[in-house]
Every structure is written in structure tokens, then in C-alpha cells.
Amino acid sequence: MELSLSPLGLGCAQLGNLYHAISDETAAATVRRAWDEGVRYFDTAPHYGLGLSEARLGAALRSYPRDEYVLSTKVGRVLEPNPGGAGDRDDQGFAVPAAYKRRWDFSREGVLRSLEDSLTRLGLDRVDIVYVHDPDDHFEEALSGAFPALRELREQGVIGGFGAGMNQAPMLAEFVRRTDLDVLLVAGRYTLLDQPALDELFPLCAERDVRVVVGGAFNGGILATAEPGRVYDYAEAPAELVERAGRIAEICARHGVELPEAALALPMAHPVVASVVVGAHDPDQVTVNARRARAVVPPALWTELTDAGLLRADVVIAEGVS
């Protein structure tokens with residue numbers, strides 16, 4: 001896959017009103033600020049706000065040259081009208097009316113329909129990357145339906161590349177073994193607190209030249225602030241995890257680095273990682289994250305974290321990355 005991803009990408013779940021509503025104007029301003037900060041990779045999905053994220057992202061990118069950015073969306077959840085649901089709120093974390101319902105569908109027909117609907121919402125005639133989204137309970141259907149369909153679309157030039165996006169590493173590794181995908185989105189599994197992607201997934205990706213996008217670098221919030229937060233992977237963080245994050249933060253501070261700066265630097269420094277996507281609910285948050293991503297992290301920090309047993313010894317830092 002020849003697509004060039006910016007080191008920092010914008011994850012667009014918040015454009016779909018994740019947890020709380022933002023205005024169309026704020027959504028557009030957030031994308032503009034990301035562009036001004038050098039972001040050229042944008043990731044969205046039908047799941048995010050029942051299509052609202054895709055619609056807002058497409059509208060915001062309309063004034064920019066199509067060949068100057070990379071856009072990914074996802075398949076696996078088909079959106080269908082939900083008569084009578086407009087008066088209710090979506091029950092999957094997005095502050096939007098439940099005017100549509102999600103239906104799991106990893107079949108060829110589901111993939112083609114989902115992508116066609118996404119293109120309509122985005123107002124585009126093509127997307128660059130399509131991920132099979134959260135197929136945890138649909139392994140066989142994804143293998144027999146979704147991936148072959150996406151391979152055909154890639155061969156036809158309809159999409160630039162395809163892969164899978166998940167919150168776990170073992171199934172992604174199995175997909176790498178059994179398909180010829182181009183790129184993976186790994187959420188929350190290569191972070192300061194959790195590095196299981198090193199077991200099999202990253203070595204396989206290096207061997208097969210599969211590119212990796214890392215999401216969830218802050219593990220849902222615990223690593224997003226200088227003092228550790230209390231949310232880990234969408235739930236309340238266990239006390240021992242907060243204590244461990246606190247020890248990591250103390251070592252970071254001794255090296256003049258804030259916890260979220262180290263949280264972004266770790267995945268950015270791995271040779272198989274092409275981009276780290278971070279969400280934002282307003283332009284200022286984009287600016288903060290862009291500043292964090294530019295922070296210089298001394299190699300001695302990684303050494304001290306490893307020596308303290310707070311970071312795996314097999315963490316790989318690309319040569320020349322500080």
C-alpha cells in the first residue's frame with residue numbers, strides 16, 4: 001500500500017458526539033485545526049454517532065484537495081432506520097437520537113452496502129482504507145465475507161487498502177496470517193500500560209510488511225493527563241493500575257516529560273507503526289495533542305521505565321528516535 005499516513009492522525013469518534021454533544025461548527029473547526037497542525041490522516045466509522053461522524057468529517061474536508069489526505073472508515077455495522085427511535089438517545093455512548101440501529105453484518109453484501117452508505121454520508125467517491133470493525137464474535141464471517149470483498153475492491157482500485165480495527169491483538173495476528181491485508185488499527189494494546197501487541201502481532205506485521213495504526217494510546221483516559229486519570233478502556237480503572245500509572249508519571253516527570261507525551265511517543269517510536277490516531281472534541285484539544293506528539297522524549301526515560309519493571313524489555317524504539 002503506497003498511502004502515506006501522517007504520524008499523528010485524528011480519530012473522529014468525538015465528531016459523532018461521543019459521550020457528549022458538540023456542534024457542527026465545533027466539529028468543523030476541530031478538523032480545520034487538525035489540518036493546520038499537519039494532520040493528514042483521518043479515521044471514522046458508521047458506528048460513531050450513527051453516521052454523524054462521517055457526515056461531519058466529509059463536510060469539513062470538502063474544501064481540501066482530495067489527494068492531500070488519507071481517510072479511513074469501517075465496515076461490519078450496517079445502519080438501518082429505526083422507526084420511532086428518534087425520540088430516544090443512542091445506547092452505545094453517543095449523544096445522538098436513535099434514529100438508526102446498528103446491525104452486525106460481515107458478509108460481502110453487508111460490506112458493499114456499508115461502504116456505499118459511508119461514501120454517501122462522506123460525500124466522496126472513494127476512501128483510502130477500509131477496516132473490518134470489531135469482528136471479535138464474527139471471525140469466520142469476516143474471513144469468508146468481508147475480507148474477500150475488500151480484496152476485490154482493492155484490486156478494482158475502489159479502495160487503496162484494507163485491514164481490521166480491533167481492541168485486541170491475538171485475532172488481528174490471526175488475520176495477518178490468513179489474509180493479505182495492508183494495515184491494522186490496534187486500539188489500546190500498545191500503550192505505556194499494556195503492550196500485548198508485541199507478543200505476536202508486531203513481529204508478524206514487520207515480517208509481512210503490514211502497517212499499523214495505533215489507537216487508544218491513552219487507554220481511554222488514564223494516560224491523557226499529567227496526573228493519571230481514573231478511566232481505563234471505557235471503565236473505572238483498578239486501583240493497582242492507577243498506582244502503576246502514577247509511578248510511570250513520576251519517572252516521566254524526572255525526565256521533564258508529561259505522562260501523555262510519553263504515551264504518544266511510545267507507539268510513535270515503534271518501526272511498524274505508521275500513525276497514532278487521537279480523538280479530540282474541540283480545536284484546543286487538537287493543539288494540545290499535536291504539541292504532545294512533538295515533545296522530545298529522552299531515551300533514558302524508556303531505560304528507566306524498563307529497569308523499574310514498568311515497561312516490557314522487548315519494547316522497540318526505532319533507531320534515531322528520541
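Index from 1, following the sequence. Computation of the quantities below employed the complete heavy-atom set of this structure, encompassing side-chain atoms and omitting hydrogens, waters and symmetry-equivalent molecules.
A distance-only check finds a donor-acceptor pair linking the side chain of R208 to the backbone of R177 [under 3.5 Å]. Judged by distance alone, the side chain of S6 and the main-chain N or O of V39 form no donor-acceptor pair under 3.5 Å. No donor-acceptor distance shorter than 3.5 angstrom exists from the side chain of D182 to the backbone of G161, with no hydrogens or angles considered. At distances below 3.5 Å, not a single donor-acceptor pair connects side-chain atoms of Q285 with backbone N or O atoms of V288. A donor-acceptor pair is defined here as one N or O able to donate and one able to accept, closer than 3.5 Å; no such pair exists between the side chain of D105 and the backbone of V78. In this structure, the side chain of N219 does not engage the main chain of Y232 through any donor-acceptor pair within 3.5 Å.
In the hydrophobic clustering of ILVMFWY residues, with side-chain heavy atoms under 4.5 Å counting as a link, Y64 and L10 come out together. At a threshold of 4.5 Å between side-chain heavy atoms, the hydrophobic network of Ile, Leu, Val, Met, Phe, Trp and Tyr places I248 and V315 in one connected group. Y190 and V210 fall within the same hydrophobic cluster, defined by Ile, Leu, Val, Met, Phe, Trp and Tyr side-chain heavy atoms under 4.5 Å apart, directly or through other members. L124 and Y48 end up in different hydrophobic clusters when Ile, Leu, Val, Met, Phe, Trp and Tyr side chains are linked at under 4.5 Å. There is a path of hydrophobic side-chain contacts, each under 4.5 Å, that joins L311 to M268.
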Practice item. Let me see the working for R102 and D90 under salt bridge (charged side-chain N to carboxylate O under 4.0 Å, His left out), right down to the final yes or no. Key: CA-CA 10 Å; R102 304 167 180 86; D90 177 55; 2.8 Å; yes
Point to revise | Steps toward side-chain contact (heavy atoms from CB on, under 4.5 Å) verdict (E261, R291) | key: CA-CA 8 Å; E261 292 173 344; R291 174 184 57 77; 3.4 Å; yes
Review point. Given the rule in the side chain to side chain donor-acceptor pair (under 3.5 Å) test, do T26 and S23 qualify, once you have shown the distances and angles that lead to the verdict?
Key: CA-CA 5 Å; T26 297; S23 67; 3.0 Å; yes
Exercise for review: Could you walk me through whether R126 and D67 pass the salt bridge (charged side-chain N to carboxylate O under 4.0 Å, His left out) test, one step at a time?
Suggested key: CA-CA 11 Å; R126 63 181 171 90; D67 291 338; 2.7 Å; yes
Exercise for review: Carefully, step by step, assess R189 and D194 under the rule salt bridge (charged side-chain N to carboxylate O under 4.0 Å, His left out).
Suggested key: CA-CA 6 Å; R189 303 285 73 87; D194 202 10; 2.8 Å; yes
Check your understanding: Under the salt bridge (charged side-chain N to carboxylate O under 4.0 Å, His left out) criterion, do D180 and R154 qualify, and how do the steps go?
Key -> CA-CA 11 Å; D180 62 340; R154 182 186 63 187; 2.8 Å; yes
Practice item. Run the numbers on L310 and L193 for side-chain contact (heavy atoms from CB on, under 4.5 Å), then give the verdict. Key: CA-CA 8 Å; L310 294 168; L193 288 173; over 6 Å; no
**Study point:** Derivation and outcome, side-chain contact (heavy atoms from CB on, under 4.5 Å), residues V273 and V213
**Key:** CA-CA 6 Å; V273 175; V213 173; over 6 Å; no
Point to revise | Verdict with supporting geometry, L184 and L201, side-chain contact (heavy atoms from CB on, under 4.5 Å) | key: CA-CA 10 Å; L184 297 174; L201 183 61; 3.6 Å; yes
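The OH atom of Y41 sits 3.0 Å away from atom OG of S72, with the distance rounded to the nearest 0.5 Å. Between the CE atom in M171 and the CZ atom in R178 there is a gap of 10.5 Å [rounded to 0.5 Å]. For the atom pair SG of C12 and CG of L71, the computed distance is 7.5 Å after rounding to the nearest 0.5 Å. The distance from the CG atom of L61 to the CH2 atom of W35 is 7.0 Å, given to the nearest 0.5 Å. For the atom pair CD of E304 and CD of E250, the computed distance is 10.5 Å after rounding to the nearest 0.5 Å.
No close placement of the Y19 and H281 rings is indicated, their centers lying 6.0 Å or farther apart. F162 and Y131 have their aromatic ring centers separated by at least 6.0 angstrom. Taking the six-membered ring for Trp and the full ring otherwise, F175 and F147 have centroids separated by under 6.0 Å.
Side chain to side chain, T287 and R33 meet the donor-acceptor criterion of an N or O pair below 3.5 Å. Side-chain polar atoms of S53 and T44 form a donor-acceptor pair below 3.5 angstrom. Under the 3.5 Å distance criterion, with hydrogens and angles disregarded, no donor-acceptor pair is assigned to the side chains of T30 and D282. No side-chain donor from either of R294 and N289 sits under 3.5 Å from a side-chain acceptor of the other.
Atom CD of E207 has more than 12 heavy atoms from other residues, nucleotides or ligands within 6.0 Å. Atom OH of Y234 has 12 or fewer neighbouring heavy atoms from other residues, nucleotides or ligands inside a 6.0 Å radius. The neighbour count for D209 CG, taken as heavy atoms of other residues, nucleotides or ligands under 6.0 Å away, does not exceed 12. Applying the 6.0 Å contact sphere to OH of Y100 captures no more than 12 heavy atoms from other residues, nucleotides or ligands. Surrounding CD of E227 are at most 12 heavy atoms belonging to other residues, nucleotides or ligands under 6.0 Å away. Other residues, nucleotides and ligands contribute over 12 non-hydrogen atoms within 6.0 Å of the CD atom of Q156.
Shortest non-hydrogen contact noted between V286 and A280 is CG2-CB, 3.4 Å. Contact record, L185 with G215: CD2-N, 4.1 Å, taken as the closest heavy-atom pair. Contact between I222 and A237 at its shortest, heavy atoms only, is CD1-CB, 4.0 Å. Looking at every heavy atom in both residues, A308 comes nearest to I251 through CB-CD1, 4.1 Å. Considering all non-hydrogen atoms of both residues, A169 and A197 come closest at CB-CA, 4.0 Å. Across L172 and A164, no two heavy atoms sit closer than the pair CD2-CB, 3.7 Å.
When side chains are defined from C-beta on, P97 does not count as touching R89, because their heavy atoms never get closer than 4.5 Å. You'll find the side chain of R211 stays beyond 4.5 Å of the side chain of V272, heavy atoms only. Looking at R312 and L305, their side chains never come closer than 4.5 Å, going by heavy atoms from C-beta outward. Residues P7 and S275 fail the side-chain proximity criterion, which asks for heavy atoms closer than 4.5 Å. Using a 4.5 Å cut-off on side-chain heavy atoms (C-beta onward), I129 and I159 make no contact. At least one side-chain heavy atom of V278 sits under 4.5 Å from a side-chain heavy atom of L8. Counting heavy atoms from C-beta outward, E200 and E174 have side chains that stay 4.5 Å or more apart. V257 has its side chain out of reach of R292: every pair of non-hydrogen atoms, C-beta onward, lies at least 4.5 Å apart.
Salt bridge annotation for D24-R56: present, with a cationic side-chain nitrogen under 4.0 angstrom from a carboxylate oxygen. Under a 4.0 Å N-O distance rule, the pair R113/E80 qualifies as a salt bridge. A salt bridge links D128 with R66: the distance from a Lys NZ or Arg NE/NH1/NH2 to an Asp or Glu carboxylate oxygen falls below 4.0 Å.
The residue from L122, L79, L119, V127 that alone fulfils the side chain to side chain contact (heavy atoms under 4.5 Å, CB included) condition with E54 is L122.
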